[in-house]
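Here the structure comes first, spelled out in structure tokens, and everything after it is commentary.
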Amino acid sequence: MLDFSLATPALLAAYAAGLSQLSQAERPVMLILYGGMPWLYWFVPPPEDMSYIYPTRATAINTLGGAYVDDFGTAIAEINIRGNTGYKMGGGFGNGMLASGDLLMVSLRNMLVQNYHQQRLALARAGQDPDTIQLLLVDTLNLTMFKVYPRQFQLQRSKQSPLLYRFNLQLWGLERLL
């Protein structure tokens, strides 16, 4: 497991200062799988739309004398990524080379829908901890990193742009690492 306890405020400030030298178009957004069969998906072109929802676990209780809030802290973050793989080239690295959009879509789909869960299941059946398989979202554009769980993957194709693979990815942000 990655250890982020050494990420002091000074180190994070230096990291952010280094990224501030890059234009937003050059800052990568990636999904990284480790702990089993390693895998990396670099979103090239960058996602068209990304949203982070940070809900709280709180309930308002109304009483005769007023109201109060039962506060249980923050809940699991909801992360939505919408984009496409481009017409010709994209950023998924399997063998160190760029691949076409259809191959990138297959790689992204297979990893999030099948392989991630199969690797976790195989560890659980072997009596090992399935949480050794970790999926990270590294978002240098928004200077954040989460340990995530793939919640939903949607593939979209249309007649108007038959060569373009569009996707909508919903993740649960289990733990904010940066």
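- Residues Tyr68 and Thr63 are in side-chain contact: their nearest non-hydrogen atoms beyond the backbone lie under 4.5 Å apart.
- Atoms CG and CZ, from Asn84 and Arg166 in turn, are 6.0 Å apart once rounded to the nearest 0.5 Å.
- Under the side chain to side chain contact (heavy atoms under 4.5 Å, CB included) test applied with Phe146, the options Ile79, Leu177, Ile76 reduce to a single match, Ile79.
- Between Leu31 and Ile81 the shortest side-chain heavy-atom distance does not fall below 4.5 Å.
- Across every non-hydrogen atom of Ala124 and Pro130, the tightest pair is CB-CG, 4.3 Å.
- Under the 4.0 Å criterion applied to side-chain N and carboxylate O atoms, Arg151 and Glu78 are not assigned as salt-bridge partners.
- Atom CE of residue Met105 and atom CG of residue Leu164 lie 8.5 Å apart, to the nearest 0.5 angstrom.
- For the atom pair CZ (Phe153) and CG (Leu171), the distance works out to 11.0 Å, reported to the nearest 0.5 Å.
- A pairwise comparison of heavy atoms in Thr140 and Pro28 identifies OG1-O, 2.5 Å as the closest pair.
- Relative ring orientation between Tyr149 and Trp172 is described as parallel, the plane-to-plane angle staying below 30° on a 0-90° scale split at 30° and 60°.
- Within the 4.5 Å cutoff, no side-chain heavy atoms of Leu141 are placed close to those of Pro46.
- Taken from OH in Tyr52 to CG in Leu137, the straight-line distance is 4.5 Å, to the nearest 0.5 Å.
- A chain of hydrophobic side-chain contacts below 4.5 Å, direct or via other Ile, Leu, Val, Met, Phe, Trp or Tyr residues, connects Leu155 to Phe43.
- Remark: the backbone N or O of Leu178 is paired with a side-chain donor or acceptor of Thr144 at under 3.5 angstrom.
- The two residues Leu143 and Arg176 come nearest to each other via the heavy atoms O-NH2, 4.3 Å.
- Note that the CG atom of Leu169 and the CZ atom of Arg82 stand 12.5 Å from one another [nearest 0.5 Å].
- Asn168 contributes atom CG, which lies 10.5 Å from atom CD of Glu48 (distance to the nearest 0.5 angstrom).
- What you find for Met37 and Gln119 is that their closest heavy atoms are N-OE1, 3.0 Å.
- Val148 and Gly173 make their closest contact through CG1-CA, 4.2 Å (heavy atoms, listed as atom of the first residue, atom of the second, distance).
- By the 4.0 Å N-to-carboxylate-O rule, Asp131 lies close enough to Arg120 to be salt-bridged with it.
- When each of Asn110, Leu104, Leu103, Leu108 is tested with Val106 by the rule side chain to side chain contact (heavy atoms under 4.5 Å, CB included), just one qualifies, namely Asn110.
- The nearest pair of heavy atoms linking Leu33 to Met111 is CD2-SD, 3.4 Å.
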